[in-house]
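Residue numbers run from 1 in the order of the sequence given.
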Amino acid sequence: MTVLWVIGYGAAIYASKPWMTAWSGAAFAAAAAGVMALRLPKRRWTAAVLVAAAACCYYADTDRRNSTALPAAAAVASQGSQVSVAGTLASPVAVDGDRASFELRVSQLGESGSEADAAAGAPPEERVQVSLRLLSPAEQSAAAAWRRGDRLAMRGELQEPAAARNFGGFDYRRYLRQQGKHWLLVVKGAQQVQHGPPASITAALTSPRLAAERLLRTTDALRGYLGGRIDGIFTPGQAGFMKSMLIGLTDDMDPDRYAQFSNLGLTHILAISGLNVAVFLGVLIWVLKRLGLPKETYLLVAVFLLPLYILLTGASPSIVRAGLMTMIGLLAVRKNRIKDILQIACLVGLGLLIWNPYYLLDVSFQLSFLVTLGLIVGVPRVTALLPLKNAVLRNTAAITLVSQLVSFPVSIYYFNQFSLLSWLANAALVPVFSLLIFPAGLIATCLGLVYVPLGRLGAWVTESGTGFVFRIVEWLDQWEGFRTIWPSPSVFWIAVYYLLLAGICGGLERLVRNRRVQNEAGTPQLDVLAPGRSMFSRYRTSSAAVIVLGLGWFGLLYYGYTPDRWNSEACVDMIDVGQGDSILIRTPERKYILVDGGGTVSFRKPGEEWKLRADPYEVGRKTLVPLLKKRGVHKLDAVILTHEDADHSGGLQAVLEDIPVETFIFNGTYKSGPQVEKLFRTVVDKKIPLISAAYGKTLRMDNRTRLDFLAPLPENGQIPAGKDSHPAASGSGQLAFPAQRTAGKTGAEPAPSAAQDIYGSTDNPIVLENEQNGVSVVFLLEMEGTRWLFTGDMDVKAERRVMELLQSRNSTNEAHGTKLPQSDNGAKEADGTENGTPATPGIDVLKVAHHGSKTSTGSDWIGYWKPRTALISAGVKNMYRHPSPDVVARLERNDIRVLRTDLLGEIQLLVRSGKIYVRSVLPGKPAVSGDS
């Protein structure tokens, strides 16, 4: 039933039809019952199809009814006007720096703010997500004091949650919709919020919903109290980890430590799941036994205490699954009716899926049930297959092997990475956590509830073990060569993976069974189960089947690691990183170039430290790196930093830390600041060749891809005479600086000591350049018969100097009779260069400089290059109002198609046979660039 229910849900997700309603689902279910009752021929297969159809209709009907109930909410949101909302706080308030977020169950909605208007709006009882911007530390304290069930009235802007703006990116709208939330209410300042007490206890006794809110409010208070007590007995470096592991409070978890656990596949230790339930139950039963309680009594006490533990740990799908399974199992043991743990797991899964069909899309639900079912079915079989004599080692190896193999496809689907050390880390550290650290932490917390100094003594003992484990995790995480990056596989690939794995396990079981029978009967005895065939022949056939299945499984892994290995399609992706630039270039021979990494500009002033968030949004770590991994970028052959402003360089720090980089190219200057210093120090520490770009240099990525650098320009007008070069030839990591130049307003100042320490000694002094736009790296890309110009944030002055230099070179060449002819469609001659300098203008695509600012992209520049398509990267409703309407109008007057990330999201340009095909995340007119 559970398997059929999952199949039905999957069919509804991929092919929902209008006729799939609750009534049709009930009819299919009734038909399935009738087929079985009447004992019709092939009734099992027929009933199975009908049950799957019923599940399909149930999911489709539930999904169809998951729509907003707020009247005229869409009209209000589209106008961007303020709205008055009143309701009940439906979740704990998460306060992080200058932001507070929570759920509000709306009871009144209106535009004017009056009670009459609000009452006319509804009482829809729909939940909305509230994002409250806090303006002072006092507001921070006030918001933190609000509790679930409190009545709130506020004014704010009602918005539709943002959809994914990049291909394969996080879809916040879908995420909230699966929780039944369709709107985001943005409120500025706690003064816009009126706070009132919760409903009375008398009212709660008459309403199941209010009673549930009261229970959850009490649970929240208890969780907060436990979290505060853990803070009091553990040191600050350990308290966040303990709160995450013991009661599921992750707000204070160190992000860097979490990343280390994630890289090694150990996050299940931090996420409340079956491991926590098992340890909690083991400690509880041990204590109850020591108190002298009989078996029937302590099993019943455990059943009643488990729901409290589920609530205290946040009631995530994984902990609910583990808790319900454990409760059913304890009751069955108490009645001596325990039959099959697999049936219990499936029964719990079926119940949860009927309760909330969206659990099927929850990663914690998927991993929890897959690993549980894998352990139930696979561990006994694998244990019998392993040639280890020690029972403890054999069981540990079997559990680790099964859990890793079962969870692998889902893990790479969502997280796109797998450490080859994950097997070792789980085998060595999970027993330590489950048998030592978790019980010790739980006991220390219980002691701290009784007497704080006693709890601190227990915490000291616990921290001795956790400190040692942290050092091991940190040491293992440093072995970056064992990290592998996997693109998200298809559902079909995942299904074939499990089928092949099951076939291999079954074949090995048969081999072992045949060998055992052969040893007992002696060779070459005939197999009584298969007359006419010797046991040796049967054994050989089984061996061949296992080998074939094993080779198929490894081949599937090989294909899943690089599914585009035979794809020679070139592509340029302008990734939507908000107000910034980040462009990924994929060459025909699968070389990857990343141009800039976006970044967030901070305007914090002294005294505003309270606004800092524990885990602030960082575009490199939250957006860019996940996208690169999801697309299977195992390494970046070149990273080009056009200039060192934060909106171009900020996201590259996460890229360098998480993805191997072959070469780092920059503009040869230094902009003082801690972020830039950390970035270049990381480049040098990782021994990445560091190359300065300059006019006249050329980079050949492959036989069909060439980059000619046009800027930065030397101030003295002397052009380097070197021929083509490849960064890999440098090898030493030393800088190849152009001649020293005057740096505008800042002057040709020597680099600060920090920069000298990072870069090392060079023959030419490093120029300190805080005004970076004018010295942006500019390069012309020729790829598969197309030409692209990337301009960083260059200004009009830099544009003029590049044109003058190019025109001067062309004039000189023409005087000597070497000027190449200009083609009608943009001069696509592959070798039209002189010392790496393009001899003919005309391009297919122009990356508009400085996000479309009016300080760039002059008329002469457009007239010189004659682009057909212009790309502009700008943030939605950015404070700079980029792009400038004058620049957009200037481009359109020249019949240049303008593509903007603020309107279209990510823009992908695919190169096929010399033509450029465009697609975008958000709706836009599909076109082929290059057609008339």
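Just one of T869, I896, L789, V898 meets the side-chain contact (heavy atoms from CB on, under 4.5 Å) condition when paired with L846; it is L789. Checking E103, R173, E126 one by one against K181, the side-chain contact (heavy atoms from CB on, under 4.5 Å) holds for a single residue, E103.
Side chain of R586 to backbone of E569: a donor-acceptor contact under 3.5 angstrom is found. No side-chain donor-acceptor contact under 3.5 Å links E784 to the backbone of G914. A donor-acceptor pair under 3.5 Å is absent between the side-chain atoms of T623 and the main chain of G620, judged by distance alone. Judged purely by atom type and a 3.5 angstrom limit, D576 uses its side chain to pair as donor or acceptor with the backbone of G578. Looking at K629, its side chain never comes within 3.5 Å of a backbone N or O of P626 through a donor-acceptor pair. Side chain of D362 to main chain of F365: a donor-acceptor pair is present (N/O by atom type, distance under 3.5 Å, no hydrogens or angles). With D171 contributing its side chain and R174 its backbone, the two residues share a donor-acceptor pair below 3.5 Å. Between the side chain of Q129 and the backbone N or O of S101 there is no donor-acceptor pair closer than 3.5 Å. Under the 3.5 Å distance criterion, the side-chain polar atoms of S873 are matched with a main-chain donor or acceptor of G580. Remark: side-chain polar atoms of T857 are not paired, donor with acceptor, to backbone N or O of V887 under 3.5 angstrom.
Side chains of S488 and N416: a donor-acceptor N/O pair is present below 3.5 angstrom, by distance only. For R919 and Q908, the side-chain atoms include at least one donor-acceptor pair closer than 3.5 Å. D844 and T786 are not linked by any side-chain donor-acceptor pair at a separation below 3.5 angstrom, with hydrogens and angles left out of the test. Residues T587 and Y592 bring no donor and acceptor atom of their side chains to less than 3.5 Å of each other. No side-chain N or O of H851 forms a donor-acceptor pair with one of N878 less than 3.5 Å apart.
Ionic pairing of R631 and E906 is present here: one or more N-O contacts between side-chain nitrogen and carboxylate oxygen are shorter than 4.0 angstrom. Salt bridge status for R890 with D886: absent, with no side-chain N to carboxylate O gap under 4.0 Å. Using a cutoff of 4.0 Å between basic side-chain nitrogens and carboxylate oxygens, R706 and E782 are not scored as salt-bridged. Taking 4.0 Å as the cut-off between side-chain N and carboxylate O, R868 and D895 do not count as a salt-bridged pair. A salt bridge links K847 to D581: one of the charged nitrogens lies within less than 4.0 Å of a carboxylate oxygen. Between D702 and R590 there is no salt bridge, since no side-chain nitrogen of the basic residue lies less than 4.0 Å from a carboxylate oxygen of the acidic one.
Counting only heavy atoms from C-beta outward, the side chains of P883 and S853 never approach each other to under 4.5 Å. Residues L909 and L871 have side chains in contact (heavy-atom distance under 4.5 Å, counting atoms from C-beta outward). Considering only heavy atoms from C-beta on, I593 comes within 4.5 Å of I640 through its side chain. No side-chain heavy atom of V848 sits under 4.5 Å from any side-chain heavy atom of T791. Looking only at side-chain heavy atoms (C-beta outward), V572 and V845 stay at 4.5 Å or farther from each other. Looking at heavy atoms from C-beta onward, L594 lies out of side-chain contact with I583 at the 4.5 angstrom threshold. Between W486 and Q417, the closest side-chain pair of non-hydrogen atoms is not below 4.5 Å. Between V777 and H643 there is no side-chain heavy-atom pair separated by less than 4.5 Å.
The number of heavy-atom neighbours closer than 6.0 Å to OH of Y175, taken from other residues, nucleotides and ligands shown, is 12 or below. Annotation for R133: atom CZ does not count as buried by contact number, only 12 or fewer foreign heavy atoms lying within 6.0 Å. More than 12 heavy atoms of other residues, nucleotides or ligands sit less than 6.0 Å from atom OH of Y617. More than 12 heavy-atom neighbours from other residues, nucleotides or ligands sit within 6.0 angstrom of CH2 on W566. Within a 6.0 Å radius of OH in Y413, other residues, nucleotides and ligands contribute 12 heavy atoms or fewer.
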Could you go through the side-chain hydrogen bond (donor to acceptor under 3.5 Å, both in side chains) check for H850 and D795 one step at a time? CA-CA 8 Å; H850 204 183; D795 52 23; over 6 Å; no
Verdict with reasoning, M154 to L104, per side-chain contact (heavy atoms from CB on, under 4.5 Å): CA-CA 10 Å; M154 62 194 73; L104 184 74; 4.1 Å; yes
Applying side-chain hydrogen bond (donor to acceptor under 3.5 Å, both in side chains) to T642 and D596, what does each step give before you reach the verdict? CA-CA 6 Å; T642 60; D596 292 330; 2.8 Å; yes
What's the verdict on side-chain contact (heavy atoms from CB on, under 4.5 Å) for L710 and F779, showing C-alpha distance, side-chain angles and the deciding distance? CA-CA 5 Å; L710 309 182; F779 65 93; 5.9 Å; no
I'd like to know whether H882 forms a side-chain hydrogen bond (donor to acceptor under 3.5 Å, both in side chains) with D902, so could you lay out the CA-CA distance, the side-chain angles of the two residues, the decisive distance to 0.1 Å, and finally the verdict. CA-CA 9 Å; H882 291 159; D902 59 330; over 6 Å; no
Check against side-chain contact (heavy atoms from CB on, under 4.5 Å), V633 and L636: CA-CA 7 Å; V633 180; L636 290 166; 3.8 Å; yes
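A parallel orientation is assigned to the rings of W788 and F790, their planes being inclined by less than 30° (bins at 30° and 60°). Aromatic ring orientation, Y58 versus Y9: parallel (interplanar angle below 30°, classes split at 30° and 60°).
With a 6.0 Å cutoff to the six-membered ring centre and a 45° limit on the axis angle, R177 does not count as a cation-pi contact of Y358. Because its NZ or CZ atom is both nearer than 6.0 Å to the ring centre of Y917 and within 45° of the ring axis, R912 counts as a cation-pi partner of that residue.
With ring centers used as reference points, H634 lies under 6.0 Å from Y561.
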